[in-house]
Amino acid sequence: MSLFNTQNIRIYNSLSGEKEVFKPLNEGYVGMYVCGPTVYSNVHLGNVRTFMSFDVVFRYLKHLDYKVRYVRNITDAGHLENDADEGEDRIAKKARLESIEPMEVVQRYTVDFHNILNEFNFLPPSIEPTATGHIIEQIEIIKSIIDNGFAYEVNGSVYFDIHKYNASKEYGILSKRKLEDLIHNTRALDGQSDKKNPQDFALWKKAEPQHIMRWPSPWSDGFPGWHLECTAMSTKYLGEQFDIHGGGMDLKFPHHECEIAQAEATNNKSPVNYWMHANMLIMNGKKMAKSTGNFILPNEIFSGDNPHITKAYLPSVARFFMLQAHYRSILDFTNNGLLASEKGFFRLMDAINIIDDLKISSTSSFDVNTWKQKCYDAMNDDFNTPILIATLFDAAKFINQVKDGSATITKEDLELLKQTIETFTFDILGLVNVSKENSGTDKLSGAVEILIKLRKEARLNKNFALSDKIRDELAEVGIQLNDSREGTTFTTS
RNA sequence: GACAAGGUGGCUGAAUGGUUAAGGCGACGGAUUGCAAAUCCGUUAUCUAUGAGUUCGAAUCUCAUCCUUGUCUCCA
């Protein structure tokens, strides 16, 4: 019997606005698509948060014995710079600025993206397709949409006819917008003569002579529109209908709305059963933006090289910090929050790392099976990682009590506790175990051990002036001595 | 301006109709220590932006007001 038979997941579906029991189209199999990054610059930390949320979803579904195909694309063709102007694409623009080939930009930032995600201990998706590798598929979809009467060609470009679509379908079904409101709110655009209506969006754009990224098509040498790649790649690898589609809240409109319209216009089917949207990351209570300086790059968290943070943080600490908030809540990225999470993270790790040293008793004062189900309940409830972490701390407290002698545990329960806490902490949350102690190099450890020995002798001789001098001066260079009954260890900061 | 999500303790962040509103950090008290730090244990919101309403009962539903974030235009 597979685990998914005993655990019922409920997912908040953006389409319905409610939590729904998750039932995949094919029992035992899950198809999941997440909109990946546009690789024209370093990956945005908020984007990392979104992908982290879905990394945990992926990990949990796999843990429940589902066979998951997780597709996360790389957008290497660039979205249109501005739908209203010549349709310059972000990657081509960046390439010209830096005088390099477009694919060089793509290569550089794809590598950066993968490096950052590796640091954060992400699982690679099952398929990571690129937009430029699926131009043919995108052209085929455009043909179908034209054949079905929902798109029109003007001067070598093809546009999706929103008004025609809305006559028989519902444009705005995901973002709860009404076409009338959109019309009312659309500003007058100048030089916008090709489209029948301002709400229409491009499926294919004819390339200007100077445009570097271009492909032949029945309509012109050009490039695909901004929303098409996700429809093409999700359909190709997951089918006309699949289970979960995820992305950042900012993509809900128009990107995901257009994906639905494109798929409906092609296959006359709603493409996705469960739409999931991760909320935004802000910093110090404000929007994170390069232009205001309220900004941090992911690798600056690891190096500490950013004015908004006071020290370097382990990737797992940052990961723990983000998972302490629910994916549908706005998360405020602050140095104080990181500091608090760092302490909590090490507290959890310390508890896990002493499990093997615990004394076994003939009875348990803790109901491990009930606690284990609480862990599942947390994740089953729309992947509620903050509740899961709180539950893990229940176990951490119990572990410390056993160590203290104020609680007891049997051999069998200890086995179950250890296995469960490690599964949820490392396999599902994707945290990486670390021991704070003896984190220095071998040579440093040897040198500090000598000082610890000297200090111990001084203390035995009640030469506290000397012992405190050793302790304080080590602290000044960032080496913290930790006394306990068992002896003295040290940590470096 | 329109639409969407949200405003919970010193900070962070869960809980969406029903006993004492999770957890982490901090603070305070205790254990430990020669004294500290580290570690461990315990305590810590008569109350959920503001005002009104629905209900036997609301943080949770409704309305209004204020504020924040997002989208509507490139931005994760």
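In this text, all values refer to a predicted model and were calculated from it rather than measured experimentally. To find a chain, count down the sequence lines: A is the first, B the second, and so on, and within it residues start at 1.
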(message) Please give the distance between the C1' atoms of B/rA59 and B/rG6 as a whole number of Å.
(response) 13 Å
Run the side-chain donor-acceptor check on residues 388-407 of chain A: report pairs under 3.5 Å with partners two or more places apart or on a different chain.
{"unit_1": "A/Thr391", "atom_1": "OG1", "unit_2": "A/Ile387", "atom_2": "O", "d": "2.8"}
{"unit_1": "A/Asn400", "atom_1": "ND2", "unit_2": "A/Ala396", "atom_2": "O", "d": "3.3"}
{"unit_1": "A/Ser406", "atom_1": "OG", "unit_2": "A/Gln401", "atom_2": "O", "d": "3.3"}

(message) Filter on side chain to side chain donor-acceptor pair (under 3.5 Å), then keep only pairs touching residues 274-283 of chain A, sequence neighbours left out; what's left?
(response) A/Ser14-A/His277, A/His256-A/His277
(message) Mind checking if A/Phe295 touches a base, just sugar-phosphate, or nothing, with heavy atoms under 4.0 Å?
(response) nothing
(message) For A/Gly337 and A/Lys176, find the nucleotide of RNA chain B closest to each by heavy atoms; which residue's nucleotide sits nearer the 5' end?
(response) A/Lys176
(request) Measure from CG on A/Asn47 to P on B/rC74 and round the result to the nearest Å. (result) 17 Å
(message) Can you list everything that forms a side-chain hydrogen bond (donor to acceptor under 3.5 Å, both in side chains) with A/Asn306? Sequence neighbours excluded, please.
(response) A/Glu300
(message) From CZ of A/Phe113 over to P of B/rA76, roughly how many Å is that when rounded to an integer?
(response) 13 Å
(request) Would you mind telling me which of A/Ser234, A/Cys230, A/Pro129 makes a side chain to side chain contact (heavy atoms under 4.5 Å, CB included) with A/Val71? (result) A/Pro129
(request) Write down the distance separating the P atoms in B/rG10 and B/rU50, rounded off to the nearest Å. (result) 13 Å
(message) So, using ring pair (Phe, Tyr, Trp, His ring centres under 6.0 Å) as the criterion, who are the partners of A/Tyr313 when residues are at least two apart?
(response) none
(request) Return no unless some side-chain N or O of A/Tyr171 is found under 4.0 Å from OP1 or OP2 of B/rC72. (result) no
(request) Give one of base, sugar-phosphate or nothing for A/Gly46, where a contact means two heavy atoms less than 4.0 Å apart. (result) base
(message) For the NZ atom on A/Lys178, are there more than 12 heavy atoms of other groups (residues, nucleotides or ligands in this structure) within a distance under 6.0 Å?
(response) no
(request) With C1' as the reference atom in both, quote the distance from B/rC61 to B/rG29 in angstrom, rounded to an integer. (result) 42 Å
(request) Grab the CZ-P distance between A/Phe201 and B/rC74 for me, whole Å please. (result) 13 Å
(message) Regarding A/Asp112 and A/Arg108, does a basic nitrogen lie under 4.0 Å from an acidic carboxylate oxygen?
(response) no
(message) By the side chain to side chain donor-acceptor pair (under 3.5 Å) test, which pairs, at least two apart or in different chains, include something from residues 450-463 of chain A?
(response) A/Arg455-A/Asp483
(message) I'd like to check the side-chain hydrogen bond (donor to acceptor under 3.5 Å, both in side chains) partners of A/Thr363; sequence neighbours left out, ordered by chain and number.
(response) none
(message) Give me the distance, rounded to whole Å, that separates B/rG23 from B/rU33 when you measure between the P atoms they each carry.
(response) 30 Å
Polar atoms only, N or O, under 3.5 Å: list the protein pairs with nucleotides 7-10 of chain B and their distances.
none

(request) Anything under 30° is parallel, anything over 60° is perpendicular, the rest tilted; go ahead and classify A/Phe58 against A/Tyr70. (result) tilted
(message) Counting Watson-Crick and G-U wobble pairs with both distances under 3.5 Å, what is the dot-bracket string for RNA chain B, 5' to 3', using [ ] for crossing pairs and | for pairs to another strand?
(response) (((((((..(((.....[....)))((((((.......))))))....(((((..]....))))))))))))....
(request) For A/Glu257 and B/rU73, give me the distance from atom CD to atom P, rounded to whole Å. (result) 14 Å
(message) Tell me every residue that passes salt bridge (charged side-chain N to carboxylate O under 4.0 Å, His left out) with A/Glu422, counting only those two or more places apart in sequence or in another chain.
(response) A/Lys418
(message) Which residue is it: A/Leu474, A/Thr491, A/Leu451? I am looking for the one with a side chain to side chain contact (heavy atoms under 4.5 Å, CB included) to A/Ile479.
(response) A/Leu474
(request) Can you measure from CE (A/Met288) to CG (A/Asp332) and round to the nearest 0.5 angstrom? (result) 9.0 Å
(request) Mind calculating the distance between NE2 (A/His227) and C1' (B/rC74) to the nearest angstrom? (result) 12 Å
(message) Going by the rule ring pair (Phe, Tyr, Trp, His ring centres under 6.0 Å), which residues pair with A/Tyr327 if we only count those two or more places apart in sequence or in a different chain?
(response) none
(message) So A/Leu348, base contact, sugar-phosphate only, or nothing? Heavy-atom distance under 4.0 Å.
(response) nothing
(request) With C1' as the reference atom in both, quote the distance from B/rU43 to B/rA49 in angstrom, rounded to an integer. (result) 29 Å
(request) Please state whether the base of B/rA36 and the side chain of A/Arg471 form at least one donor-acceptor pair under 3.5 Å? (result) yes
(request) Between B/rU62 and B/rU73, how far apart are the C1' atoms? Round to whole Å, please. (result) 35 Å
(request) On RNA chain B, check which nucleotide each of A/Asn336 and A/Arg328 is closest to and give me the residue with the more 5' one. (result) A/Arg328
(request) Determine the interatomic distance between C1' on B/rC3 and the same-named atom on B/rU44; round to the nearest Å. (result) 42 Å
(request) Check RNA chain B against residues 381-403 of chain A and give the residues with a non-hydrogen atom under 4.0 Å, in numerical order. (result) A/Asn384, A/Pro386, A/Ile387, A/Ala390, A/Phe393, A/Lys397, A/Asn400, A/Gln401
(message) Here's one to test your reading of the geometry: is the NZ or CZ of A/Arg328 within 45 degrees of the ring axis of A/Tyr12 and under 6.0 Å from its centre?
(response) yes
Within the sub-3.5 Å range, which N or O atoms of nucleotides 67-71 of chain B have a protein N or O partner, and how far apart are they?
{"unit_1": "B/rU71", "atom_1": "O2'", "unit_2": "A/Arg177", "atom_2": "NH2", "d": "3.3"}
{"unit_1": "B/rU71", "atom_1": "O2'", "unit_2": "A/Phe253", "atom_2": "O", "d": "3.2"}
{"unit_1": "B/rU71", "atom_1": "O2", "unit_2": "A/Arg177", "atom_2": "NH2", "d": "3.0"}

(request) Verify the ring-centre separation between A/Phe333 and A/Phe321: is it less than 6.0 angstrom? (result) yes
(message) Is the phosphate of B/rG26 approached by A/Lys343 (side-chain N or O, under 4.0 Å from OP1 or OP2)?
(response) yes
(message) Rounded to whole Å, please give me the gap between CG in A/Asp55 and P in B/rA76.
(response) 21 Å
(message) By nearest atom, which of the nucleotides B/rA76, B/rC25, B/rC74 is closest to the A/Trp226 side chain?
(response) B/rC74
(message) So for A/Arg347 and B/rC40, does any side-chain atom that can act as donor or acceptor lie under 3.5 Å from a complementary atom in the base?
(response) no
(request) Find the distance A/Asn335:CG to B/rU12:P and express it as a whole number of Å. (result) 13 Å
(request) Give one of base, sugar-phosphate or nothing for A/His277, where a contact means two heavy atoms less than 4.0 Å apart. (result) nothing
(message) Strictly below 4.0 Å: does A/Ser175 bring a side-chain N or O up to OP1 or OP2 of B/rC3?
(response) no
(message) Could you tell me how far B/rG53 sits from B/rC67 if I compare only their P atoms? Round to whole Å.
(response) 24 Å
(request) Using whole Å, report how far CG of A/Leu331 lies from P of B/rA76. (result) 18 Å
(request) Could you tell me whether A/Asp483 contacts a base, only the sugar-phosphate backbone, or nothing, with contacts defined as non-hydrogen atoms closer than 4.0 Å? (result) base
(message) Going by side chain to side chain contact (heavy atoms under 4.5 Å, CB included), A/Leu431 matches just one of A/Val317, A/Thr425, A/Ile352. Which one?
(response) A/Thr425
